[in-house]
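Step one of this worksheet: look at the structure below.
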Amino acid sequence: MLNESIINVKGVGEKLQESLQAMNIITVEDLLFNFPNRYDNYEVKPLSELIHGEKVTIEGIVNGEPLLTFYGRKKSRLMVTLQVEQVAVKAVMFNRAFAKKQLKHGDIVTVTGKWDGHRLQITVSNYKKGRAKTDQPIQPIYSLKGDVTNRQITKVVQAAIIQYMDSIEEIIPEKYLREYKLPARAQAIKHMHFPSNFQSLKHAKRRFIYEEFLLFQLRMQWLRKRTKEATVGNSQKYNRKKIDSFVTSLPFSLTKAQMNSLTEILNDMESPNRMNRLLQGDVGSGKTAVAVISLYASITCNKQGALMVPTEILAEQHYQSLSELLDGFATVVLLTGSIKGKKRKEVLSKINNHEVDIVVGTHALIQDEVVFSELGLVIVDEQHRFGVNQRRALRDKGLHPDVLFMTATPIPRTLAISAFGDMDVSIIDEMPKGRKKVETYWVKDNMLDRVLKFIKKEVNHGYQAYVICPLIEESDKMDIQNAIDLYHQLEAYYEPNIRVGLMHGRLHIDEKEQVMKQFADNEVQVLVSTTVVEVGVNVPNATIMVIYDAERFGLSQLHQLRGRVGRGDAQSYCILVADPKGEVGKERMKIMTETNDGFELSEQDLHLRGPGDFFGKKQSGLPDFKVGDVVHDYRALETARKDAQYLIESNSLTKDPSFNKLKEMLIQTIKEHDGILD
Ligand code: ADP
Ligand code: MG
């Protein structure tokens with residue numbers, strides 16, 4: 001059985017077992033699925049196929065006496081001339097004086113090392129007398145921890161494959177194996193570790209990419225179906241007339257994209273199934289407006305609504321704007337962690353007694369003490385900042401509320417549909433008319449003085465500026481110190497006519513509020529801040545966004561920050577201060593100056609950074625795939641989604657016994673990830 005301890009594998013003693021355990025290898029299955037990190041290739045290639053600078057293996061005949069020279073202290077260099085396909089190739093070996101005696105004129109040798117194609121020379125890292133062994137030219141290289149060696153692990157994997165080959169059961173339905181020409185599971189495991197050539201390795205990888213994507217998508221589809229079925233009867237019969245008159249009361253008319261998204265949301269709310277939808281749209285595309293209308297729709301059928309946001313500042317702002325927009329239509333309260341004591345009791349009781357329609361708040365909203373009277377709709381802003389568990393806690397609150405997630409990190413449409421397989425997706429891909437493009441410039445550190453003068457000029461014209469302070473390696477504390485230093489510098493620089501403010505995450509909520517208010521009222525003209533202003537903050541009179549160390553931010557985050565300006569009628573500017581070292585960094589700065597389109601940026605970001613970084617690891621709900629890469633192997637992800645959808649919807653997993661093994665695996669992964677099964 002694959003789930004038995006590795007101690008049963010030939011060659012594994014207690015000591016090795018312990019070392020492997022430190023690498024999270026406990027069962028035989030763990031061992032077999034601990035795939036190599038990369039492979040060394042000892043395949044002999046013809047000279048014409050060798051690539052300059054790469055590690056290669058060649059076979060040749062020693063020609064003449066090897067030449068040994070000593071230099072420095074105890075250092076030597078052995079030069080052997082090899083005849084390879086009628087060509088004289090120089091093999092250089094360092095500090096292997098002993099080899100001189102082993103390599104005689106006329107001997108056949110196989111050498112591996114770095115190839116210099118210009119000088120026809122190989123710097124040898126490995127050599128052996130005789131012909132290259134042809135049975136296993138591609139050797140696995142594992143990522144190691146502790147005192148385990150690559151050789152040890154290679155040996156026990158080999159033993160395990162021989163011992164357990166027959167216990168490896170197929171899980172992918174035969175039909176799909178044939179359709180996609182995928183190797184069987186046991187065969188593929190063998191080839192992942194010991195491929196006979198790169199072609200067989202490729203097919204083995206293809207198989208496991210499909211396997212893990214299929215399991216992931218089955219899980220998503222299963223969850224989706226479960227959400228829908230479990231909540232039949234959850235229909236919100238809103239009042240269309242009231243909604244229309246609210247929409248008419250807004251100071252603008254909706255864009256077509258807003259209208260389409262709203263229709264999708266309202267349809268979900270009206271349907272008996274619970275809504276689980278993601279609303280995507282660039283910064284300023286009008287998501288909040290759509291959210292407010294949706295919340296109001298819930299109110300028209302006597303339910304309550306909740307809007308949950310990631311920071312207190314944002315909660316304050318949303319509370320303000322919702323109160324204004326809904327004035328005369330619905331009542332709104334604010335609930336955050338810093339509302340305490342008597343005030344808090346009051347708010348809680350108002351919620352519980354249904355004396356308020358809408359609650360705006362932070363994570364505080366999902367705490368147990370908050371008891372809604374009749375929760376119809378929950379909107380979660382910036383969903384990627386909430387963990388999966390928080391989402392679940394929220395969903396389980398109240399009476400099966402409809403849930404709408406909003407994000408301003410536009411994920412390419414196609415990817416979103418696959419990656420968030422258990423959600424429906426609405427996209428606002430159009431900006432309200434008349435928005436001016438934010439002009440973006442990239443400058444080097446040595447131009448800072450000009451930047452500061454430019455800010456002065458804009459301030460003298462009545463406008464305001466954000467200055468995002470330098471980032472230090474993920475350290476919140478140091479970033480704050482940076483912000484404080486920069487604040488003092490700028491304060492000294494701009495004295496006495498321009499006032500500078502300071503904002504960072506460690507300020508007390510009252511201080512934050514005060515600073516934001518001063519900035520909003522133009523009592524402070526230059527706001528120095530850490531990235532806490534990233535989301536949502538709205539001061540239309542601010543026209544300049546200066547970002548220090550811009551190369552350290554991802555494109556999507558830069559775009560978010562840039563979205564803080566360009567909110568009024570005046571021309572706005574974003575100035576990226578950066579001295580990127582690498583090409584990728586330079587490329588990123590260039591892309592920022594060239595495009596204002598969040599979707600395009602996110603696509604570029606995804607390709608430059610890879611999905612792990614892009615989705616912010618655990619936050620996204622995406623698992624760490626072992627073999628597959630959601631960007632690179634996107635087509636396989638799509639195929640797996642299609643197949644999973646069919647398998648779940650047709651009930652094949654339960655009806656067809658040939659899917660038993662797959663069903664078992666699915667149940668196991670659901671238990672692992674979601675902890676639920678009923
Ligand atoms: P988001 O939440 O997507 O960042 P908001 O809903 O906050 O965007 O909208 C940004 C700004 O644009 C707000 O000041 C809002 O009042 C305004 N706005 C929203 N929709 C429209 C529209 N259709 N036409 C004009 N202005 C709009
Ligand atoms: Mg519904």
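Counting starts at 1 for both ligands and their atoms, in listed order.
- With a 4.0 Å cut-off on non-hydrogen atoms, Leu254 touches ligand 1 through its backbone and not its side chain.
- Shown here is Tyr463, whose OH atom has no more than 12 heavy atoms of other residues, nucleotides or ligands within 6.0 Å.
- In terms of protein heavy atoms, atom 22 (C) of ligand 1 is closest to Phe252 CD1, 3.4 Å.
- Among all protein heavy atoms, the one lying closest to atom 17 (C) of ligand 1 is Arg435 NH2, 3.7 Å.
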Exercise for the section: Could you give me the CA-CA distance, side-chain angles and deciding distance for Lys340 and Ser338, then say whether side chain to side chain donor-acceptor pair (under 3.5 Å) is met? Expected result: CA-CA 6 Å; Lys340 295 198 170 90; Ser338 51; over 6 Å; no

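- One N or O on the side chain of Glu511 and one on the backbone of His508 form a donor-acceptor pair closer than 3.5 Å.
- Judged by the shortest distance from any of its heavy atoms, Asp282 lies inside the 4.0 Å radius around the atoms of ligand 1.
- A salt bridge links Asp424 to Arg224: one of the charged nitrogens lies within less than 4.0 Å of a carboxylate oxygen.
- Nearest protein heavy-atom contact of atom 20 (N) of ligand 1 is Gln258 NE2, 3.0 Å.
- Under 4.0 angstrom from ligand 1, there are no non-hydrogen atoms of Met406.
- Some N or O of Gly284 is nearer than 3.5 Å to an N or O of ligand 1, by distance alone.
- Looking at ligand 1, you won't find any N or O of Arg567 less than 3.5 Å from one of its N or O atoms.
- Using a 4.0 Å threshold on non-hydrogen atoms, atom 13 (C) of ligand 1 does not count as touching the protein.
- Of the N or O atoms in Val283, none lie within a sub-3.5 Å distance of an N or O in ligand 1.
- The two atoms that bring Met589 and Glu551 nearest to each other are CE-CA, 3.6 Å, heavy atoms only.
- With ring centers used as reference points, Phe519 lies under 6.0 Å from Tyr466.
- Ion pair Glu346/Lys343 not flagged as a salt bridge, since none of the NZ, NE, NH1 or NH2 atoms sits closer than 4.0 Å to an Asp/Glu carboxylate oxygen.
- In this pair, Phe246 and Tyr296 present their aromatic rings tilted. The plane angle is within the 30 to 60° band.
- Below 4.0 Å from some heavy atom of Ala289 lie the following atoms of ligand 1, by number and element: 6 (O).
- With ligand atoms numbered from 1 in the order given, ligand 1 contributes 23 (N) to contacts under 4.0 Å with heavy atoms of Thr255.
- Using a 4.0 Å cutoff on heavy atoms, Gly281 does not count as a contact of ligand 1.
- In terms of N/O distances under 3.5 Å, ligand 1 is approached by Gly286.
- Close contacts between ligand 1 and Ser253 involve ligand atoms 22 (C), 23 (N), 24 (N) [criterion: under 4.0 Å to a heavy atom].
- More than 12 heavy atoms of other residues, nucleotides or ligands lie within 6.0 Å of CG in Asn460, so this atom counts as buried by the packing criterion.
- Residues Gln236 and Asp402 have side chains that bring a donor and an acceptor to within less than 3.5 angstrom of each other.
- Of all atoms in ligand 1, numbered sequentially from 1 with element shown, those under 4.0 Å from a heavy atom of Ser285 are 3 (O), 8 (O).
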